[in-house]
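What you see below is based on every heavy atom in this structure, not just the backbone, and it leaves out hydrogens, waters and symmetry mates.
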Amino acid sequence: MNQLKDEALVSHLEQLQVDNILVKGHPAGLFVLFFTEMWERFSYYGMRALLTIFLISEIAHGGWGWSNEEAMKLYGLYTGFVFLTPLLGGVIADRLLGYKKAILIGAVTMTAGHVAMALEGIHTHFFFLGLILMILGNGMFKPNIASMVGKLYPDSSSKKDAGYTIFYMGINGGAFLGMMLCGYIGEKVGWHFGFGLAGIFMFLGMLQFFFAQKIFGIIGDTPQSTKEKEIKEVKDKSEVTTPAHVTRDRLIVIGIFMFASIIFHLAFEQAGGSMTIFAKNYTQRILEGQTAVLFKWVDAALTVFPILVVSAVLFALAKKIWFKYPLIVICSGLSFVIIWVLCGWKLYREFNSLSSEVTVSWFPMLNSFFIITLATSFSRIWEKVWNPSGPIKLALGLAIVGLSFAALSYGSLAIPPGAKTASVSMIWLVLAYFLQTVGELCLSPVGLSYVSKLSPQKVIGLLFGIWYCGNAIANFIGGFIGSYIDNITATHSMSYFFGMFTVVSFIFAIILVLCSSGIKKMMHGIH
């Protein structure tokens, strides 16, 4: 990265009164947001990993004994509303509270939601209350923390895409740890323990952000308190008047990208629904002998390596901010002490068992593991090797997620129509999650970055909320399609069910490539 670009970033931070401490060439505030989002995603994905399994598990095993159709419909409704409420949360932050207060309110609400879910054994009402609180809290939290990441960089900075990719690694670091630990404890020890553990880390993430507010300067303050300061920032590009036709074209591009994201996520979000059912009922998960030993060592490596990676990120941040912001480091450090202790307990327990049963939640965890290991490489590719246009990146994401379902379709060819159980090799789910991760890295962080760059600055929170509405639509549709897994597999086959997602993804990837040159023109110089 040339010096001019670094100077532009530092100048931008100074204008917004942001602490210009840089960690690995990026603002220290990015890594604070990285860890705040990481613990929030720990709580969300930790709970989500258990949701479908808990609902369809037999009552004798502590579950509710719901049918696949009932569980998938609730899953679709829950995840859909999780992505719908950010629209309201973005508006509230833009017009009333500012990003900082909205994030803190969201974190407190989600913490209360996890407490309620941990009490599901007392009464079922607590479970549904917890889901409602999680939905509302997420609406305040999700769009506004993503907006703050974008505010740390000038729109002209080529580091912005890389910054969002690093931030995305934090999202998936939390998702990985949440699915691994909450899933393991929920399935092996007790459902309410898994739900409750998610809340502990949500609370610690909230404390870390609370102590870090000064590091962001005026970014995220209430609109009233920052208005006069922003008017004075005449050099700030966000205050330059953009012609109406340019704004219109860029909003159309955001709409196109959002539609591509909907197609991607209605397939991708099968991970917590139909793919979870496939893992539970149709995948060989009981391992014995040398196979069990091999899996234990692989699982140990998968457990330890990602924690080492994110621990290294925390260490790099701590070295730069310890003397100025010690409470941030203490909160994050405490979180990691708990994580290391729990992971050590998990590995000790597994290595002392005679056989090994792979938990259902272990499979979606692979997505986050691959994100953590591949995100930095993709960040470097976009910065230094190959940086295709936004439409091409999104088309790649769609095509590759289509390939992931092609792998599942092929792997399930031997399952006869209407079969309730099978013993398909684990390799097909592992391959599918790897391909989905590659597709996700081509589409999701890039989509977030382009929303930030293409949006009029005064309504960026609103537009992030609209972007997440696309994910809501995808989850509603994906959950609805997934609820018909039993009917479709009985009429046709499991292979046919997964093949549907392959065909749809490929069609829209081709359309996006054919329209890419026209879309680039409508972006009016935004790269």
Distance-only donor-acceptor hits, side chain of residues 405-429, under 3.5 Å, sequence neighbours excluded:
unit_1, atom_1, unit_2, atom_2, d
S409, OG, S495, O, 2.8
S409, OG, S495, OG, 2.8
S412, OG, L408, O, 2.8
S412, OG, S409, O, 3.3
S412, OG, S495, N, 3.4
S425, OG, I427, N, 3.2

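- By the ring pair (Phe, Tyr, Trp, His ring centres under 6.0 Å) test, W386 is found to be paired with no residue, residues two or more places apart in sequence or in another chain being considered.
- Across all their heavy atoms, W66 and L74 have their closest contact at CZ3-CD2, 3.6 Å.
- Checked by atom type, the side-chain pair E440/S444 shows no donor-acceptor distance below 3.5 Å.
- Taking the ring pair (Phe, Tyr, Trp, His ring centres under 6.0 Å) definition, one finds that Y496 meets it with H492, sequence neighbours left out.
- Atom CZ of F506 is surrounded by more than 12 heavy atoms from other residues, nucleotides or ligands within 6.0 Å.
- When every heavy atom of S43 is checked against every heavy atom of H114, the shortest pair comes out as CB-NE2, 3.0 Å.
- Looking at heavy atoms from C-beta onward, T109 lies out of side-chain contact with F141 at the 4.5 angstrom threshold.
- The two residues N138 and V82 have their closest heavy-atom pair at ND2-O, 2.7 Å.
- Applying the side-chain hydrogen bond (donor to acceptor under 3.5 Å, both in side chains) test to K280 and every residue at least two apart in sequence or in another chain returns nothing.
- Side-chain contact check for I519 versus L512: some heavy-atom pair is nearer than 4.5 Å.
- When all heavy atoms of A102 and N144 are compared, the closest pair comes out as CB-ND2, 3.5 Å.
- F363 and F278 have their aromatic ring centers separated by at least 6.0 angstrom.
- Of the possible polar contacts, none joining the S449 side chain to the V446 backbone as a donor-acceptor pair under 3.5 Å is found.
- Residues F167 and F34 keep their aromatic ring centres 6.0 Å or farther apart.
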Does the pair W467 and F257 meet the rule for a ring-ring contact (aromatic ring centres under 6.0 Å, His included), with working shown? CA-CA 9 Å; W467 175 265; F257 286 178; 7.5 Å; no
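- Ring-centre distance between F54 and F195: below the 6.0 Å cut-off.
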How far apart are the C-alpha atoms of V115 and F126, what are their side-chain angles, what is the distance that settles it, and do they pass the side chain to side chain contact (heavy atoms under 4.5 Å, CB included) test? CA-CA 9 Å; V115 172; F126 282 109; over 6 Å; no
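- The side-chain heavy atoms of L55 and E70, taken from C-beta on, include no pair separated by under 4.5 Å.
- Formation of a donor-acceptor pair under 3.5 Å by the R285 side chain with backbone atoms of A279 is found in this model.
- With no hydrogens or angles considered, no side-chain donor-acceptor pair links S483 and E69 at under 3.5 Å.
- Annotation: side chain of E269 is not in contact with side chain of M275 (no heavy-atom distance under 4.5 Å).
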Under 3.5 Å, which donor-acceptor pairs do the side chains of residues 175-193 form with other protein atoms, sequence neighbours left out?
unit_1, atom_1, unit_2, atom_2, d
Y184, OH, R349, NH1, 3.1
Y184, OH, E350, OE2, 2.7
E187, OE1, V360, N, 3.3
E187, OE2, V360, N, 3.4
E187, OE2, S361, N, 3.1
E187, OE2, S361, OG, 2.9
K188, NZ, E357, O, 3.4
W191, NE1, H61, O, 3.2

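- The backbone N or O of P364 sits nowhere less than 3.5 Å from a side-chain atom of S368 that would complete a donor-acceptor pair.
- Here the side chain of D299 pairs no donor or acceptor atom with the backbone of F295 at under 3.5 angstrom.
- Every residue two or more places apart in sequence or in another chain that forms a side-chain hydrogen bond (donor to acceptor under 3.5 Å, both in side chains) with S261 is listed here: H265, N471.
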Check against side chain to side chain contact (heavy atoms under 4.5 Å, CB included), E40 and I103: CA-CA 10 Å; E40 187 274 331; I103 290 169; over 6 Å; no
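- Taking the six-membered ring where the residue is Trp, the centroids of F81 and F476 are separated by under 6.0 Å.
- L443 places none of its side-chain heavy atoms less than 4.5 Å from the side chain of K393.
- Side-chain atoms of K346 never come within 3.5 Å of backbone atoms of V341 as a donor-acceptor pair (strictly under, hydrogens ignored).
- For F203 and W39, the gap between ring centers reaches or exceeds 6.0 Å.
- When all heavy atoms of C442 and F378 are compared, the pair lying nearest together is SG-CE2, 3.9 Å.
- L197 contributes atom CG, which lies 6.0 Å from atom CG of L342 (distance to the nearest 0.5 angstrom).
- Just one of F336, F35, F42 meets the ring pair (Phe, Tyr, Trp, His ring centres under 6.0 Å) condition when paired with F201; it is F42.
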For L302 and V298, what are the C-alpha separation, side-chain angles and deciding distance, and is it a side chain to side chain contact (heavy atoms under 4.5 Å, CB included)? CA-CA 6 Å; L302 290 178; V298 170; 4.1 Å; yes
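- Between the side chains of N367 and Q436, no donor-acceptor pair of N or O atoms lies under 3.5 Å.
- From M202, atom CE reaches atom CG of L207 across 10.0 Å, with rounding to the nearest 0.5 Å.
- Between atom CG of residue L314 and atom OG of residue S332 there is a gap of 5.5 Å, rounded to the nearest 0.5 Å.
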Let me see the working for F498 and T502 under side chain to side chain contact (heavy atoms under 4.5 Å, CB included), right down to the final yes or no. CA-CA 7 Å; F498 288 130; T502 299; over 6 Å; no
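- For the atom pair CZ of F268 and CG of L398, the computed distance is 12.5 Å after rounding to the nearest 0.5 Å.
- For the pair K142 and T85, the minimum side-chain heavy-atom distance is 4.5 Å or more.
- Checked against the 6.0 Å centroid threshold, F508 and F264 do not count as a close aromatic pair.
- Contact of the F351 side chain with the W297 side chain is registered, since non-hydrogen atoms from C-beta on lie closer than 4.5 Å.
- Panel note: side chain Q270, backbone L266; a donor-acceptor pair is recorded below 3.5 Å.
- For the pair Y45/L50, no side-chain contact is recorded, criterion being any heavy-atom separation below 4.5 Å from C-beta on.
- In this structure, T303 OG1 and L347 CG are separated by 5.0 Å, a value rounded to the nearest 0.5 Å.
- Closest approach of F83 and T79 over heavy atoms only: CD1-O, 3.1 Å.
- In this structure, T491 contributes its side chain and N487 its backbone to a donor-acceptor pair below 3.5 Å.
- The distance from the CG atom of L441 to the CD1 atom of I371 is 3.5 Å, given to the nearest 0.5 Å.
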